[in-house]
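Down below is the structure, laid out as structure tokens.
Keep in mind it's a predicted model, so treat the numbers as computed, not measured.
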Amino acid sequence: MKSEKAEAASLKPARDRKKKTSQHVNRRNVWLIVATVLLVLGSVFAFMPPQEKINQGLDIQGGLSVVLTAKSTSGDAVSSEDMEKSRSIIESRVNALGASEASVSLQGNDQILVQIPGLSDTEAALDTIGRTGKLEFARLDSFTDETVKTKIDNGQYVTQETVTDAAGNKFPTGKQSYDLEVAEGTYTPLVTGSDITRVTVDKESEASANYAVDITLNSEGAKAFEEATRDLAADHGKIVIILDGKVQSAPAVQGVISGGNVSITGNYTMDEAKALQTVLESGSLPVSFEYAQSQTVGPTLGQDALASGVLVAAIGLALVMLYLLVFYHGLGLITAAAMAVFACLYLGILALLSHFGLFSLSMAGIAGVVLTIGMAADSSILTLERFREEIRMGRSVRAASITGVRHGILTSIDADLVTLVSALTLFFLASASVKGFGLTLALGILCDIAMMLLFKAPIIRLLAPRCIAKHPGFWGVRDCENAAPYFQGEKRAESRKDVHGRFIKLDINVLGLKKYFLSAAAVAMVLVAVIIGVRGLQFGIEFVGGTSVTFHGTGDTTIEQVRDAFDDAGVSDPVLQTTNADGDTGILARMTTTSAEDATHIANQVADEFGWSTDSFEVTTIGPDWGASVVQSSLLAFLVSLILIIAYISIRFRDYKMGVSAVIALLHDLVLVFGVYALVGREVTPNTIAALLTILGYSLYDTVVVFHRINENMKDDSVKCTFATMANHSVNEVLIRSLNTSITSLIPVVAMLLFGGETLKDFALAMTVGLIAGAYSSYAIATPIYVIWKTRETRYAKLQRKYGDTVARWFLNRLPQSVKAVGAEGSAASAAPVAANAVASTAPDASVEASAEGSSENATVVAAAQPAQATNRAENHATHRQKSNRSKSANRKKK
């Protein structure tokens, strides 16, 4: 009796320490939940209402966005001083247009990005923003080119614009164009724009309907102008007015002009005169610019696109949460709450960045938001599946909530960080149109990691000992608890049907088919090469240059009518096709012109003919050099992503073979995407490239999960089998979770493909093909290549000779007895009789009938009896559980 009391006294401090530790852990989890609640409330306050707190990009808000590329006339590189001076001049011109919230910023070394939201008269803005504004006055007798001199003298520097009707008759439009260019150095400037002190607009005369631009010169300019007019007045010589290298007018001097007041005439309308006034007042640009890219979007079109994106996000989120609830029952509720926390944190960060002017939501960004929904579900599934797996392995619900959740989160973070590599590469290296996508994806990954650490892990650990353990059926872990005795060898299983649950009981022989998988991949690559060779890839105007005009709400207007309208506007060869976005019919026109001003003028002319408003169409113009820069930046982002991915996986798992094998599988996925694009004839756009670069991360998600488990299992020296057998078992351990993560990733992407606008569909098609191919290649390409490569190492080659070439299939997480050393000269075939005998005399702790697989060959790879080491572990675990049950029973009786 005394000994029992002494033993109880000695055990009391241990119980007290354990109780204190448990209380400490619970307090920490509670504080993490409290911190999460505060962060969520702060985030909700920050982003409500989201349409006001989160900045909208031009493709959503509507307006004009242009990229100007500097061109140095001397051939030297453009200096940073010239670029900054140009930016300041262009900014003053934009402000003079009366645009609010416009931004003018340097982009790279030789580009300026101009964004003007809510602008209606984009044609006038384009005519004003990029003009060099170099004004010069020169005496006609100073010109050295006699041909040009004669044309100016005869008034052949101005052309009357005309329009042709259906009968071929030409009628003047009343507009004039100035096309006579004069080369610099063929004349002597008399006065330049730097001599201007004041610019005003007034009518040419009281009776005239045209306007003139009146300028006042400084003292030096006034003196030079007065001297020139005094010389030319006698014989009425002409002074030529040149703007940006083109002759505007050449008035004859009637008398001496003093005081420095000069009038520039050219039959200008009021708007044209004011535009010229803006250019002259801001000063001439130190270098010339050309429009590398221009995009015009009507405000209503952008809002329609936003509504479409929000609808897609809502559908994707609802379907993902419904799937998780159906598959994981009560644990799905925790996941739904975790995704709600993720969404609040995500929107809060976007609102915070918007407040400081660091973020604007674009359509590409919306695609990134939709993709992060699947990504957040992925991390939750990894955690839930590992939690359930640890319960099947015999751990209590409380213990599994600690170790299982920790392992699941670590695996998820590994996969998230690989995706983060691609996202950051997109943000820093890809073209401007894709930067928003890379940023939203990177922010989503960081929010996902924060959600797991702050909410997912603490909430499971708090609920595990009380709620989940007491109600396993509701929380979806009863099947794991019921399977635990079978996995631990405490109960006998005659076949897989004896054990119920949503998990794999007998390993699928995936790696046994590796030769077929790799052969099929090689054939697929050949077929893709043939398809691309025959059909070719259609690249969008972003790569080849040109203009794309999309008219929305065209109603019953036919392609032929639109073609005639373009022909009247001077475009004889537009490529036209019908479109349909959200049930709204439209027409897409592609032209070869790379002039943003001309393209906008043509689009307005066509829209006017059918009575379409400026809100009903969007214009995108790409300069001839823009495509090369897009290709260059995309290739650079792609190569850097590959290098960083190989480096990360090699360092993380201390094996470069994993990184190389993963990249080979990745290249297979990307080639398949290009093959599908060639097959269906869809254009490859920068959005497609963004999706391909995203596949770099998503395709590797499953691969990293598999490699993580292989790396973890091979650290266990107690299991004796070939590397291929262990790798195949690792694949089966994570197969269910990989299928679920692929499904939840596909749900929002397919929603984009079915319900999204054209921009979202560009992402969705590539992502759909990439995700399917990525899920397949993780098991059929990356793992087989890694296994074949790894097996050649000395250590694993010895195991191959010792245990044979056959891939053994684990049953209820245990190796079959047939997997034993067959000798240096043994073979897989010699193991078959052994396996048959093992099945005939099955051990009581684990057995399966050969007939369950239908052949004696399969009997070689089914579990018959676990090895001695595994048996001892199972017996020790069973003994420990029995002692624990007896102790609990005795305690209850005492109470």
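Using a 4.5 Å heavy-atom cutoff, the side chains of Val421 and Val640 are not in contact. Side-chain atoms of Leu324 and Val320, non-hydrogen and from C-beta on, do get closer than 4.5 Å to each other. Looking at Phe47 and Leu352, their side chains never come closer than 4.5 Å, going by heavy atoms from C-beta outward. Considering only heavy atoms from C-beta on, Leu588 stays 4.5 Å or farther from Phe551 through its side chain. Between Val104 and Leu113 the shortest side-chain heavy-atom distance does not fall below 4.5 Å. Looking at heavy atoms from C-beta onward, Met591 lies out of side-chain contact with Ser548 at the 4.5 angstrom threshold.
Taking a 6.0 Å sphere around NZ of Lys274, one finds it holds 12 or fewer heavy atoms contributed by other residues, nucleotides or ligands. Enclosure of atom CZ in Phe610 by more than 12 non-hydrogen atoms of other residues, nucleotides or ligands within 6.0 angstrom is indicated.
The closest donor-acceptor contact from the side chain of Ser92 to the backbone of Ile89 lies under 3.5 Å. Proximity of a side-chain donor or acceptor of Tyr323 to a complementary backbone N or O of Ile743 within less than 3.5 Å is not detected. Between the side chain of Thr36 and the backbone N or O of Leu454, at least one donor-acceptor pair lies under 3.5 Å. Distance alone, capped at 3.5 Å, places no donor-acceptor pair between the Ser354 side chain and the Ile54 backbone.
Of the N and O atoms on the side chains of Ser380 and Lys456, at least one donor lies less than 3.5 Å from an acceptor on the other residue.
Atom CG of Asp598 sits about 9.0 Å away from atom OG1 of Thr621, to the nearest 0.5 Å. Here the straight-line distance linking atom CD1 of Ile460 with atom CD1 of Ile409 works out to 7.5 Å at 0.5 Å rounding. Atom CG of Leu345 is separated from atom CZ of Phe455 by 10.5 Å, given to the nearest 0.5 angstrom. Note: Asp448 CG to Leu453 CG = 9.5 Å, rounded to the nearest 0.5 Å. Leu462 CG to Ile334 CD1: the interatomic distance, rounded to the nearest 0.5 Å, is 10.0 Å. Within the model, atoms CG of Leu420 and CG of Leu644 stand 10.5 Å from one another, a figure rounded to the nearest 0.5 Å.
In terms of heavy-atom proximity, Tyr346 sits nearest to Cys447 at CA-SG, 3.7 Å. When all heavy atoms of Thr557 and Ile587 are compared, the closest pair comes out as O-CD1, 4.0 Å. Shortest non-hydrogen contact noted between Val619 and Ala599 is CG1-CB, 4.2 Å. For the residue pair Val549 and Thr547, the shortest heavy atom distance occurs at CG2-CG2, 3.8 Å. The shortest non-hydrogen separation linking Leu68 to Ile129 is CD1-CG2, 3.9 Å. When every heavy atom of Met83 is checked against every heavy atom of Leu106, the shortest pair comes out as O-CD2, 3.7 Å.
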Next item on the list: For Met48 and Lys53, run side chain to side chain contact (heavy atoms under 4.5 Å, CB included): C-alpha distance rounded to whole Å, both residues' side-chain angles, the deciding distance at 0.1 Å, then the answer.
Entry: CA-CA 7 Å; Met48 290 299 290; Lys53 296 297 183 66; 5.9 Å; no
Checklist line | Residues Met452, Val405; criterion side chain to side chain contact (heavy atoms under 4.5 Å, CB included); working and verdict | finding: CA-CA 9 Å; Met452 287 189 291; Val405 170; over 6 Å; no
Next item on the list: Take Val67 and Ile112 through the side chain to side chain contact (heavy atoms under 4.5 Å, CB included) test and state the conclusion after the steps.
Entry: CA-CA 6 Å; Val67 176; Ile112 294 179; over 6 Å; no
Next item on the list: Show the numbers, then the answer: is there a side chain to side chain contact (heavy atoms under 4.5 Å, CB included) between Ser43 and Leu347?
Entry: CA-CA 7 Å; Ser43 297; Leu347 292 175; over 6 Å; no
